[in-house]
2 protein chains.
Amino acid sequence: MKGHPMDSICDCNQCELRNVFFESFSDEDLGDICRNKTEFTYLSGETVFREGDLIRYFSYLKSGLVKLFKSDQAGKDQIITIAGPYDFVSLLGVFSDTRHSYSVSVLEDAVLCCIDIESMKEIALRNPGFSMSLMERMGAASTRIIHEGLEIRKRNTHGKVAYILLKFCNEIYGECIFDLPVSRREIAENIGTTTENVIRTLSEFRKEKLIRINGKEIEVLNPAALERISNYG
Amino acid sequence: MKGHPMDSICDCNQCELRNVFFESFSDEDLGDICRNKTEFTYLSGETVFREGDLIRYFSYLKSGLVKLFKSDQAGKDQIITIAGPYDFVSLLGVFSDTRHSYSVSVLEDAVLCCIDIESMKEIALRNPGFSMSLMERMGAASTRIIHEGLEIRKRNTHGKVAYILLKFCNEIYGECIFDLPVSRREIAENIGTTTENVIRTLSEFRKEKLIRINGKEIEVLNPAALERISNYG
DNA sequence: TTAGTGATATGATATTTGTCATATTATGAT
DNA sequence: ATCATAATATGACAAATATCATATCACTAA
């Protein structure tokens with residue numbers, strides 16, 4: 001699946017994300033980026049790229065939600081992280097590898113800004129301030145993923161599920177009521193347990209009135225108690 | 001603990017690591033690095049820096065073995081990774097953060113090459129090729145840590161212990177017989193289980209003649225079987 | 001509509017893992 | 001040498017987790 005290039009190419013000068021990623025840019029460099037970028041829209045369920053595909057773009061998410069994941073030989077997936085607006089879709093390997101080391105697929109309709117990787121390298125090479133801020137931002141993204149992995153690794157199943165629910169509340173949606181963008185199986189693939197354990201744990205949280213469940217809709221009724229469980233209760 | 005600056009400052013021109021980290025350097029830049037770096041030696045058990053300390057250096061390991069770890073409020077440690085020669089000690093946060101987000105201590109007597117962080121930033125800002133190769137190398141380091149975290153997350157205890165033993169064989173020492181540089185507790189802190197489980201699992205591997213144990217000395221007798229267990233047997 | 005498939009849900013059970021107790025061996029300090 | 005402490009080791013048991021079976025529900029395709 002290739003995504004759908006937008007007819008109306010956005011104007012990078014007006015891009016609300018300019019300050020986030022390209023603050024140190026001159027107008028010329030911004031023009032360069034603008035000419036060498038394509039915006040792609042994807043529908044929920046579509047694949048952006050697969051592990052092993054050639055890297056063509058440096059890309060970041062303007063809107064929507066995607067998952068980064070790896071598949072093993074048995075076909076089982078392992079979710080690395082869920083990325084939202086302002087997050088990078090191409091991680092650090094983008095400048096050193098020729099092929100993607102993970103797959104990306106879309107959880108909620110998404111718009112990606114994709115900049116031709118060779119152009120990106122050229123611009124970085126003649127704009128050291130940009131290289132530096134890129135390094136800072138990509139460093140922060142990697143640090144976040146590493147940190148999240150450690151947080152998950154040290155928790156038991158209850159703590160893991162509480163942790164991921166709070167991530168949806170606090171980081172992804174910013175509210176205590178939301179539609180889960182992933183299946184129970186995907187939660188399991190994210191936190192490293194089985195689908196049944198996720199379902200069971202969610203049911204237990206429901207019985208204890210910590211959350212309300214209606215299919216994909218989740219409401220966190222007692223965030224403080226979930227925090228306690230997440231911090232190992 | 002501050003480490004012990006070497007009396008004989010090495011000549012970066014002669015440094016065997018030059019090709020690894022600073023390939024794109026001009027002689028002038030190399031001279032700059034050389035003037036702004038200090039080599040520190042540390043003994044096994046010493047601390048290089050602690051989580052929360054101000055970042056003063058960009059540093060990499062010339063020789064020896066160190067652990068990168070985080071401590072929680074209860075004082076329990078979690079090992080992020082074990083780093084060897086040619087590995088970075090300062091990770092990606094080094095250019096964006098002011099304080100270290102993890103601690104580093106020494107497992108085997110180590111020599112660190114430490115370059116003043118402000119000098120490093122200046123040099124990177126006027127040498128975009130260097131920024132780029134730095135980004136590539138730090139990217140590869142982060143990718144390795146993320147990958148290792150995923151590999152650990154998906155294994156059960158036997159698989160985790162087999163995985164870490166094979167890491168010592170294949171990646172750290174390059175032979176099947178070696179002295180464990182870490183305690184059983186540290187292995188547990190690395191793979192996310194308890195000390196008892198590590199000890200028990202090692203004993204089981206010994207009883208099944210997969211390994212030979214003599215205190216810290218380990219010999220892997222059946223790497224193929226360990227591989228099978230690591231790949232989930 | 002109906003059949004088929006995948007997601008959610010729950011129970012039963014076996015296995016794995018964590019916890020607690022205890023003993024022995026190393027290691028380091030005085 | 002002696003003491004204290006940490007590391008290693010093992011058993012017993014409780015708790016957590018994985019596995020297997022089964023049922024219902026939702027959704028898609030024909």
Side-chain angles (χ1 to χ4, degrees), chain A residues 43-46 67 72 74-79 105 107 152-165 179-208 211-218 229-230 232-233, chain B residues 43-46 67 72 74-79 105 107 152-165 179-208 211-218 229-230 232-233:
Chain A
L43 299 177
S44 177
E46 291 187 316
K67 65 171 176 177
D72 69 10
K76 295 195 78 174
D77 290 348
Q78 200 178 12
I79 293 182
S105 71
L107 301 174
I152 288 170
R153 191 192 304 177
K154 74 180 176 191
R155 284 167 167 77
N156 62 19
T157 301
H158 276 64
K160 287 174 177 182
V161 174
Y163 180 83
I164 202 91
L165 285 176
D179 282 338
L180 264 187
V182 289
S183 66
R184 315 294 196 255
R185 181 172 55 78
E186 285 172 309
I187 293 177
E189 288 168 355
N190 193 174
I191 64 182
T193 184
T194 59
T195 307
E196 293 96 322
N197 273 331
V198 171
I199 291 171
R200 231 181 286 274
T201 304
L202 288 174
S203 295
E204 284 167 31
F205 287 172
R206 174 175 50 74
K207 285 170 193 158
E208 293 161 12
I211 62 175
R212 185 178 58 74
I213 306 179
N214 181 19
K216 293 281 192 189
E217 191 190 41
I218 301 272
I229 292 171
S230 173
Y232 199 22
Chain B
L43 299 177
S44 177
E46 291 186 315
K67 65 171 175 175
D72 69 8
K76 296 194 79 174
D77 290 349
Q78 200 178 11
I79 293 181
S105 72
L107 300 175
I152 288 171
R153 190 193 303 177
K154 74 179 176 192
R155 284 167 167 77
N156 62 19
T157 301
H158 277 63
K160 288 174 177 184
V161 173
Y163 180 82
I164 201 91
L165 286 175
D179 282 337
L180 262 187
V182 289
S183 66
R184 314 296 196 254
R185 182 172 55 76
E186 286 172 308
I187 293 177
E189 288 168 355
N190 193 173
I191 63 183
T193 184
T194 59
T195 307
E196 293 95 322
N197 274 331
V198 172
I199 291 170
R200 227 182 290 272
T201 305
L202 288 174
S203 296
E204 285 166 30
F205 288 171
R206 175 175 48 74
K207 284 169 195 159
E208 293 159 13
I211 62 174
R212 187 177 57 73
I213 307 179
N214 182 20
K216 294 283 192 187
E217 191 189 41
I218 301 273
I229 293 170
S230 172
Y232 200 21

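These values consider heavy atoms only, across backbone and side chains, with no hydrogens, waters or symmetry-generated copies. Each chain gets a letter, A, B and so on, in the order the sequences are listed, and its residues count up from 1. The model shown is predicted, which means the values in this text are computed figures rather than measured ones.
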- According to a strict under-4.0 Å criterion, is A/R184 in side-chain N/O contact with OP1 or OP2 of C/dT8? yes
- Message: Mind checking if B/T195 touches a base, just sugar-phosphate, or nothing, with heavy atoms under 4.0 Å?
- Response: nothing
- Query: Between C/dG11 atom C1' and A/N197 atom CG, what is the distance in whole Å?
  - Reply: 14 Å
- Query: With distance as the sole test, does A/K160 use its side chain to make a donor-acceptor pair with the main-chain N or O of A/S230 at under 3.5 Å?
  - Reply: no
- Query: With nearest nucleotides of DNA chain D determined for B/G215 and A/E196 from heavy-atom distances, which residue corresponds to the more 5′ nucleotide?
  - Reply: B/G215
- Note on the structure: With the side chain defined as heavy atoms from C-beta on, A/I213 is closest, among C/dA9, C/dG18, C/dT10, to C/dA9
- Let me know the distance between CD1 of B/I199 and P of C/dA23, rounded to the nearest Å. 17 Å
- Length of the line joining B/L180:CG and C/dA26:P, which is rounded to integer Å: 16 Å
- Query: Between C/dT17 and B/T157, is there an OP1 or OP2 to side-chain N/O distance shorter than 4.0 Å?
  - Reply: yes
- Sub-3.5 Å donor-acceptor pair from the side chain of A/R153 to the main-chain atoms of B/N190, do we have one? yes
- Query: When the distance from CD1 of A/I187 to P of C/dA7 is rounded to whole Å, what number comes out?
  - Reply: 13 Å
- Message: I need the CD-P distance between A/E204 and C/dG11, as an integer number of Å.
- Response: 10 Å
- Item | Spacing between A/N214 atom CG and C/dT8 atom P, to the nearest angstrom | 13 Å
- Task: Give A/K216 one of three labels, base, sugar-phosphate or nothing, depending on what nucleic acid heavy atoms sit under 4.0 Å from its own.
- Result: sugar-phosphate
- Message: Testing B/I164, B/N197, B/T201 one by one against B/I191 for a side chain to side chain contact (heavy atoms under 4.5 Å, CB included), which residue passes?
- Response: B/I164
- Nt span of DNA chain D in reach of chain A heavy atoms at under 4.0 Å, 5' end first, is D/dT17 to D/dC20
- What is the nucleic acid contact for A/R185, judged by heavy atoms within less than 4.0 Å: base, sugar-phosphate only, or nothing? sugar-phosphate
- In whole Å, what is the span from the CG atom of A/L202 to the C1' atom of C/dA7? 13 Å
- Message: From C-beta outward on B/H158, which listed nucleotide comes closest to its side chain: C/dT19, C/dT17, C/dG11?
- Response: C/dT17
- Query: To the nearest angstrom, how far is B/R155 atom CZ from C/dT17 atom C1'?
  - Reply: 18 Å
- Apply the test side chain to side chain contact (heavy atoms under 4.5 Å, CB included) to residues A/I229 and A/V161: give CA-CA distance (whole Å), side-chain angles for both, the deciding distance (0.1 Å), then the verdict. CA-CA 9 Å; A/I229 292 171; A/V161 174; over 6 Å; no
- Query: Below 4.0 angstrom, N of the basic side chain to O of the carboxylate: do B/K76 and B/E189 qualify?
  - Reply: no
- Query: Can you give the dot-bracket line for DNA chain C, using ( ) for pairs inside the strand, [ ] for pairs that cross earlier ones, | for pairs with another strand and . for unpaired bases, where Watson-Crick and G-U count if both distances are under 3.5 Å?
  - Reply: ||||||||||||||||||||||||||||||
- Which heavy-atom pair separates A/I213 from A/L202 by the least distance, and what is that distance? CD1-O, 3.6 Å
- Item | Short side-chain to backbone donor-acceptor contact, B/S44 and B/L107, under 3.5 Å | yes
- Message: Between B/S183 and B/R200, which residue's closest nucleotide on DNA chain D lies nearer the 5′ terminus?
- Response: B/S183
